[in-house]
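Note that this is a predicted model, so its numbers are computed, not measured.
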Amino acid sequence: MFKKWGIISLLGLFLVACSNEEKTAEVQPVEEIVEDIVEEVVEEPIVLPYVAPFTGIRSEEEQTQRPIIVTMNNHPLARPQSGIAQADIVYEMLAEGNVTRFLALYQSEIPDIVGPVRSARDYFVEVAKGLDAFYIAHGYSPDAQKMLNARVVDNINGMQYDGILFKRSKERKAPHNSYISKENIFTGAEKVGASMEMHKMPTFSFYDSAEGAKIGDPVSSVSIQYGTGASFENQYTYIPESGLYERKTGGVLTIDKETEKPVELANVIFMEIPHTTIDNAGRRQLTLNAGGRAYLFQAGTMKVIEWENVDGILIPMENGVPAKLVPGKSWISFVPTKPGLENMVNYLP
């Protein structure tokens, strides 16, 4: 009997031990290899909704400012100019002889002071009219005076507002010392009843960035010479670090007098345009509606393109559509068809 109960007891103990081992096994943590799955999060770039019409730079707010064009003096005694670095576009063209003047176009930003302001020509007025710009000059040729008096374009002129809206600088001598402030530009617009809201959109076309423009012949430097002296010999050099061009005249860097900041350009364009000398003073007539050949320099490359007058605006064209520009500021030089682009514009790889 003892043996039977002993065996049964031992068997019971054995079963209890096995049961405890099973329970212990059940509560033992099971190590699992968990692989961390890291998902690469690609952030979509924020695309701002509005594009500035003359620079192609995007912004959060729509820019409805009417463009303002100022005839800016480019005589050597007028340099450096005030407000030149803030212009969206600068048009450079001959006035009389081999002296050039600028039409500085402001829309995305307007400097506190602009000048020296110089006199109008009829083809300056045509450019301003095509852009539906508020036009500012100090003086005029006989043909330009007729157009301005007829209100071909909304304008104010220093001949009527000298000492009122236009102020003379004591640092320089006339006619290289007439300036106008941002405040007086808008005061002048109010005096003549001119709206400063934009009503005409230009048809300029822009890349999303400079990367899309790197198609063409590599060119590091380009120059143009009006006349024979260095006073109107302009050189544009591509700076790879910034992706922009600096400008020099006669070897001197083009800077803004007020800020001392250099002019920095995303696009440099040369348009071949018929010129005719019309009087003994060397004044000229330009044919702005015919279209013609052009050179486009951007992102360190060069293209031979064309230009067309599209609803009054001179637009660079490529294969029948507006040529795409790099977002930023542009400089457009008018080149007489005689001697022409090949003889006046030189460039280096």
For this session: List for me each residue that meets ring-ring contact (aromatic ring centres under 6.0 Å, His included) alongside Y245, sequence neighbours excluded, and say none if there are none.
Result: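 For Y245, the residues satisfying ring-ring contact (aromatic ring centres under 6.0 Å, His included) (neighbours in sequence not counted) are Y238.
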
Problem set entry | ring-ring contact (aromatic ring centres under 6.0 Å, His included) involving F166 - partner list, sequence neighbours excluded | H138

Seminar exercise, completed: d(I180 CD1, I136 CD1) to nearest 0.5 Å is 4.5 Å

Exercise. Could you give the distance from OH (Y179) to CE (M72), rounded to the nearest 0.5 Å?
Worked result: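 It is 9.0 Å, given to the nearest 0.5 Å.
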
Are any of the side-chain heavy atoms of [X] and [Y] separated by less than 4.5 Å?
X	Y	answer
T71	L103	yes
F186	E190	no
Q81	N73	no
L131	I69	yes

For this session: Indicate whether the side chain of S119 and that of R101 have a donor and an acceptor atom separated by less than 3.5 Å.
Result: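 Judged by distance alone, the side chains do pair up.
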
Exercise. So, S108 and Q63: side-chain donor and acceptor under 3.5 Å apart, yes or no?
Worked result: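 Short answer, no.
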
Sequence neighbours left out, cut at 3.5 Å: what donor-acceptor pairs do the side chains of residues 268-275 make with other protein atoms?
residue: E272; atom: OE2; partner: L341; partner atom: N; Å: 2.9
residue: H275; atom: ND1; partner: I273; partner atom: O; Å: 2.7

Donor-acceptor list for residues 139-153 side chains, cut-off 3.5 Å, not counting sequence neighbours:
residue: Y140; atom: OH; partner: Q160; partner atom: NE2; Å: 3.2
residue: S141; atom: OG; partner: A144; partner atom: N; Å: 3.3
residue: N149; atom: ND2; partner: Q145; partner atom: O; Å: 3.4

Exercise. Of the non-hydrogen atoms in P336 and L94, which two are nearest, and what is the gap between them?
Worked result: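 Scanning both residues completely, I find the closest heavy atoms to be CG-CD1, 3.8 Å.
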
Exercise. Looking at residues at least two apart in the chain, or sitting in another chain, which of them share a salt bridge (charged side-chain N to carboxylate O under 4.0 Å, His left out) with D256?
Worked result: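 Salt bridge (charged side-chain N to carboxylate O under 4.0 Å, His left out) list for D256, sorted by chain: empty.
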
May I ask you to decide if [Y]'s main-chain N or O and [X]'s side chain share a donor-acceptor pair within less than 3.5 Å?
X	Y	answer
R283	I278	no
N309	L288	yes
R172	R79	yes

For this session: Verify side chain to side chain donor-acceptor pair (under 3.5 Å) between S223 and E233, making sure each step is shown before the conclusion.
Result: CA-CA 7 Å; S223 64; E233 181 181 4; 5.1 Å; no

Contacts table for residues 317-332: side-chain donor-acceptor under 3.5 angstrom, sequence neighbours left out:
residue: K329; atom: NZ; partner: Q86; partner atom: O; Å: 3.4
residue: K329; atom: NZ; partner: E109; partner atom: OE2; Å: 3.1
residue: S330; atom: OG; partner: N267; partner atom: ND2; Å: 3.1
residue: W331; atom: NE1; partner: E92; partner atom: OE1; Å: 3.2
residue: W331; atom: NE1; partner: Y236; partner atom: OH; Å: 3.2

For this session: Give me the ring orientation class for F204 and F206: parallel if the planes are under 30° apart, tilted from 30 to 60°, perpendicular past 60°.
Result: tilted

For this session: Begin with the C-alpha distance, continue with both residues' side-chain angles, and end with the deciding distance and a verdict on side-chain contact (heavy atoms from CB on, under 4.5 Å) for T187 and L165.
Result: CA-CA 8 Å; T187 299; L165 299 176; 4.0 Å; yes

Exercise. Are F102 and Y91 an aromatic pair by the rule of ring centers under 6.0 Å?
Worked result: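 Ring centres of Y91 and F102 not closer than 6.0 Å.
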
Exercise. Given D311 and K200, is the salt bridge (Lys or Arg N to Asp or Glu O under 4.0 Å) satisfied, shown in steps?
Worked result: CA-CA 10 Å; D311 194 22; K200 181 178 182 179; 3.7 Å; yes

